[in-house]
Amino acid sequence: MTKTAENVWNNCLKIIKDIVEWQHYKTWFEPIKPVDIKEQVLMIQVPSQFFFEYLEEHYVNLLAKTLKRELGKEARLEYRIMVDSGNGKNGSMDVPASNAKIYSNNEMDFPLVINNPVKNPFVIPGLKKMQIDPQLNPIYTFDAFIEGDCNRVARRAGKTVAEKPGANSFNPLVIYGGVGLGKTHLVQGIGNDVKRLHPNKVVLYVSSEKFINQFQDHSRNNAINDFIHFYQLIDVLIIDDVQFFSRAEKSQDAFFAIFNHLHQSGKQLVLTSDKPPKDLDGMQERLLSRFRWGLSADLQVPDYETRIEILERKMKNDGLDMPKEVVKYVAYNISSNVRELEGALISLLAQSSLNKRDIDLELAKKVLRNFVKTSSKEITIEAIQKMVCEYFDVPYEKLLHKTRKREIVQARQITMYLAKAFTKNSLKTIGEHFGGRDHTTVIHSCQTVKDLMDTDSLFRENVMELTQKVQLAAM
């Protein structure tokens, strides 16, 4: 029986249908028409140049394997690409299939809506070769992102994603946290590292608001499919602030199609949000379920030590110098987020330059009045207790209970020592704040701390650091 182009193609489709997701099959394979067959060469007709390049990018291996199964190992595929030749006339051009990828680094064919017909027969209407700008800021790197307890999981997951985009368990990687904690810095750092380690990967960073605006523009021009197809060609897609999708239902539909295709194609998705996926209101449940496929990692407010390191790194990068006591004062008093921390440093440097005076503690106190609410209230026993508990990672209630655990006993003794040194409370009052202990316990604790500081260098270092913290809080 003589094989016809239609028979061969239909047999190929039976195999492809079982492998490719239904929606992709409908989009990319149903529009194809078998044209001709000569010996072991099958020619198929595709609607456009964009269509042809997409097949070559994503399905060329699948097409080759299914065709060889039907026509033998010497089987070859050719395309007939339909093009608009102008004046309302359609033309075509024949192109052999290739197993080689056709896109260079971050370069692809992006469909555009063109109102005027293109007269030149050598120009394919509706397509414009363009270099895709990844929209990344080169200053956002992993080296510039200080690691601490507040961000360790997110940062290390980001490094894994950058090293093996799409080939890791963190897909999608969702980074969430409050304003100014470094979400944009971290995800752009991922993008910059991917570009460095995998120069052939197409990376794109885009805010959710820009994505929504682009979708609306293409919707008005009846070009939604082109919009979706473009995003489906990205290797590493980074979308910032996905919580804004909650007010754009149709944009969610488009993103759902893009997400599914990229994920199933082994491409990487990186998303940021101001809250964890489970708390995102107004989002489609099918999207939320996909956000939970990978890893959700939070960014928390940096602790005191991390804030100091952030300031010191910023100063080093900018070639600045500042007294240690001022760095500690700024780090202690600006605790809300990294953005405010850097803003306080810039304001301090500006005041120093404008007033032609050296940076000292007095100037720091003056500048920081614009950032924090100051109070003349003296430091309290409760405040010292919380500082010590945070420093040693000890539960507050354990500090008050009767226990012989060494780490709890030493934390309690240090707290009593600091309370005696920095508050005006009596020994009896201090004891009452520790589960009703009497004044003799406080005296014994203070003496024990002094003795240990003389014999244990690590213990002395801990007490000195805590003393500095209390001093800063009392300023």
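Throughout, residue positions are numbered sequentially from 1 according to the sequence presented.
The shortest distance between side-chain heavy atoms of Leu186 and Asn151 does not fall below 4.5 Å. Proximity of Leu287 to Val242: side-chain heavy atoms (C-beta onward) are nowhere separated by under 4.5 Å. By the 4.5 Å heavy-atom criterion applied to side chains, Gln135 and Val206 are not counted as neighbours. Val187 places none of its side-chain heavy atoms less than 4.5 Å from the side chain of Tyr140. Here the side chains of Pro165 and His198 are in contact, with some heavy-atom distance below 4.5 Å.
In terms of heavy atoms, Trp28 sits closest to Leu55 at O-CD2, 3.9 Å. In plain terms, the two heavy atoms of Glu285 and Arg292 that are nearest each other are OE2-NH2, 2.8 Å. Annotation for Ile212 and Ala248: closest pair CD1-CB, 3.8 Å, computed over non-hydrogen atoms.
Partners of Tyr205 by side-chain hydrogen bond (donor to acceptor under 3.5 Å, both in side chains), not counting sequence neighbours, listed by chain and number: Asp240. Partners of Glu6 under the side-chain hydrogen bond (donor to acceptor under 3.5 Å, both in side chains) rule, at least two apart in sequence or in another chain, do not exist in this structure.
A side chain to side chain contact (heavy atoms under 4.5 Å, CB included) with Leu181 is found for exactly one of Ile175, Asp274, Val301, namely Val301. Across Lys267, Lys195, Lys201, a single residue satisfies salt bridge (Lys or Arg N to Asp or Glu O under 4.0 Å) together with Asp235, and that is Lys267.
Within a 6.0 Å sphere centred on CD of Glu390, heavy atoms belonging to other residues, nucleotides or ligands number 12 at most. Within 6.0 Å of CZ on Arg69 lie no more than 12 heavy atoms contributed by other residues, nucleotides or ligands. Around the CZ atom of Arg290, the shell of radius 6.0 Å holds more than 12 heavy atoms that belong to other residues, nucleotides or ligands.
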Practice task
Decide side chain to side chain donor-acceptor pair (under 3.5 Å) for Tyr79 and Glu56; before the verdict, give the C-alpha distance in whole Å, the side-chain angles of both, and the deciding distance to 0.1 Å.
Solution key: CA-CA 10 Å; Tyr79 299 93; Glu56 283 283 280; 2.9 Å; yes

Exercise for the section: Determine, step by step, whether Glu70 and Asn7 satisfy the side chain to side chain donor-acceptor pair (under 3.5 Å) criterion, reporting the C-alpha distance in whole Å, the side-chain angles of both residues, the deciding distance to 0.1 Å, and the verdict. Expected result: CA-CA 10 Å; Glu70 286 299 307; Asn7 288 337; over 6 Å; no

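Between the His218 side chain and the Gln214 main chain, a donor and an acceptor come within less than 3.5 Å of each other. Between the side chain of Arg155 and the main chain of Gly148, no donor-acceptor pair closer than 3.5 Å is present. For the pair His263 (side chain) and Asn171 (backbone), a donor-acceptor distance under 3.5 Å is present. A donor-acceptor contact shorter than 3.5 Å is absent between the side chain of Gln45 and the backbone of Arg80. Put simply, the side chain of Gln268 never gets that close to the backbone of Asn168: no donor and acceptor are under 3.5 Å apart.
Taking the ring centroids of Phe227 and Phe211, they lie under the 6.0 Å cut-off.
Side-chain N/O atoms of Gln284 and Asp253 include a donor and acceptor closer than 3.5 Å.
A salt bridge is defined here as a Lys NZ or Arg NE, NH1 or NH2 lying under 4.0 Å from an Asp or Glu carboxylate O, and Lys328 with Glu465 fails to meet this definition. Under a 4.0 Å N-O distance rule, the pair Lys324/Glu312 qualifies as a salt bridge.
To the nearest 0.5 Å, the span separating CD on Glu382 from OH on Tyr396 amounts to 5.5 Å.
The salt bridge (Lys or Arg N to Asp or Glu O under 4.0 Å) analysis of residues 167-193, with sequence neighbours excluded, yields the pairs Lys159-Asp193, Asp193-Arg196.
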